[in-house]
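Start at 1 with the first residue, then count along the sequence. Just so you know, ligand 1 is whichever comes first in the structure, and atom 1 is the first atom listed for that ligand.
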Amino acid sequence: MEPSHGSLLYEGKAKRVFETNNPDELLVHFKNDATAFNAKKHSQLDGKGMLNCKISSSIFRYLGKEGVPTHFLDEIQDCWMLARKVEVIPLEIVVRNIASGSLCRETPIVDGTELSSPLIDFYYKDDRLGDPLLTEKRVLLLGLLSSSQILEIETLSLMVNTFLKKFFIGLDLLLVDFKLEMGLARNGKLLVADEISPDTCRIWDRNIEDKQDRILDKDRFRNDLGGVMEGYSEVFRRINEAYS
Ligand code: UDP
């Protein structure tokens with residue numbers, strides 16, 4: 001059953017966003033759609049919406065307790081999250097602790113290499129352009145952010161990384177990298193928005209050596225490894241055991 005909601009504001013690849021009767025709050029519905037490679041690969045995964053909503057909600061609750069400002073307000077039902085309305089900054093902010101994915105496709109760094117300090121990459125959220133990697137100067141050139149906003153976003157991203165690494169290590173999981181989206185609330189406050197889930201993080205089982213078996217995130221879908229929902233369920237099982 002759906003909670004009562006207002007009109008559909010936005011439909012993305014993995015979520016639908018609805019108005020509520022409070023102009024400062026939104027209802028986010030997590031869908032079962034899985035997409036990769038700019039939606040060239042598409043599938044339905046039963047239970048994904050529910051798992052991502054539960055995992056994201058637990059992570060946002062944890063970050064909130066640590067003092068990280070996020071848009072999360074409440075988990076309503078299995079696949080629904082109540083969130084503060086923000087003006088989303090059109091950037092994907094990727095924080096990397098261990099080299100994988102595009103960093104290894106685009107540089108000679110070998111997959112699995114531990115980075116000496118976290119690397120922050122900005123991508124322009126524009127499907128038509130294929131979400132290109134931006135330099136800081138291009139972020140300024142496009143007028144997306146000021147220098148001080150870039151600094152504020154980097155500081156908040158590193159804070160999220162510090163707490164998330166701790167969160168996952170406590171579950172015997174390694175946080176390889178993750179993508180954040182941020183937005184400005186009506187009062188101008190910068191908030192972490194969107195979701196934080198195995199769709200948006202690379203998460204490896206710390207006790208498994210095998211390079212494929214250890215993957216518990218969307219790379220199972222991207223790389224046709226099978227067991228996608230088993231991976232997501234294992235992440236949720238550990239979170240639920242530790243934090244419920
Ligand atoms: N990511 C994401 N959405 C995107 C692109 C990347 O959530 O549109 C996440 C991805 O799951 C990974 C991190 O950001 O945890 C870094 O992704 P990368 O740049 O390596 O790109 P990929 O290899 O996924 O193409």
Side-chain angles (χ1 to χ4, degrees), residues 10-15 28 30-31 33-43 45 48-49 51-53 55-56 59-60 63 70-71 81 88-115 117-135 138-139 144 153-154 156-158 160-161 163-165 167-168 173-183 192-205 211-212 214-225 228-229 231-232 235:
Y10 165 83
E11 176 148 16
K13 292 176 211 127
K15 292 185 292 295
V28 182
F30 286 69
K31 305 195 290 184
D33 298 66
T35 61
F37 313 118
N38 207 357
K40 284 186 198 83
K41 181 170 180 171
H42 185 210
S43 188
L45 297 172
K48 185 178 83 84
L51 284 167
N52 277 354
C53 184
I55 293 170
S56 267
I59 291 177
F60 280 136
L63 289 175
T70 83
H71 74 154
M81 184 189 283
V88 176
I89 296 163
L91 286 177
E92 299 198 334
I93 304 143
V94 169
V95 183
R96 303 174 191 275
N97 297 305
I98 298 172
S100 196
S102 67
L103 180 61
C104 300
R105 292 196 301 274
E106 294 163 3
T107 73
I109 304 175
V110 174
D111 189 271
T113 306
E114 209 170 308
L115 305 181
S117 59
L119 174 69
I120 302 178
D121 283 329
F122 292 123
Y123 294 84
Y124 190 33
K125 253 175 86 74
D126 187 322
D127 286 338
R128 218 171 26 91
L129 298 175
D131 296 345
L133 176 64
L134 293 179
T135 59
R138 287 188 183 196
V139 173
L144 298 172
I153 285 180
E154 286 178 338
L156 184 55
S157 303
L158 291 177
V160 172
N161 186 46
F163 290 124
L164 275 189
K165 273 200 303 189
F167 176 86
F168 282 116
L173 297 169
L174 277 182
L175 179 62
V176 175
D177 59 28
F178 59 97
K179 185 257 311 184
L180 293 176
E181 294 190 25
M182 294 186 191
V192 177
D194 197 47
E195 66 177 292
I196 302 179
S197 74
D199 265 9
T200 63
C201 302
R202 285 197 168 90
I203 304 163
W204 292 349
D205 188 318
K211 283 186 159 39
Q212 291 194 348
R214 67 186 177 186
I215 296 171
L216 298 173
D217 56 69
K218 193 167 161 183
D219 273 351
R220 299 207 72 82
F221 173 72
R222 290 189 190 97
N223 303 331
D224 295 317
L225 301 179
V228 185
M229 281 306 90
Y232 286 40
V235 173

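With Phe221 as the aromatic partner, Lys41 meets the cation-pi criteria of under 6.0 angstrom to the ring centre and within 45 degrees of the ring axis.
Under the 3.5 Å distance criterion, with hydrogens and angles disregarded, a donor-acceptor pair is assigned to the side chains of Asn97 and Asn161.
A donor-acceptor pair is defined here as one N or O able to donate and one able to accept, closer than 3.5 Å; no such pair exists between the side chain of Lys48 and the backbone of Met229.
A salt bridge does not link Arg202 to Asp217: none of the charged side-chain nitrogens sits closer than 4.0 Å to a carboxylate oxygen.
Evaluation of the side-chain hydrogen bond (donor to acceptor under 3.5 Å, both in side chains) rule for Lys218 yields no partner, not counting sequence neighbours.
Ser157 OG to Leu180 CG: the interatomic distance, rounded to the nearest 0.5 Å, is 5.5 Å.
Protein residues with a heavy atom closer than 4.0 Å to ligand 1 are Glu92, Val94, Arg96, Ser100, Gly101, Ser102, Arg105, Tyr123, Asp177, Phe178, Lys179, Asp199, Thr200, Cys201, Arg202, Arg222, listed by chain and number.
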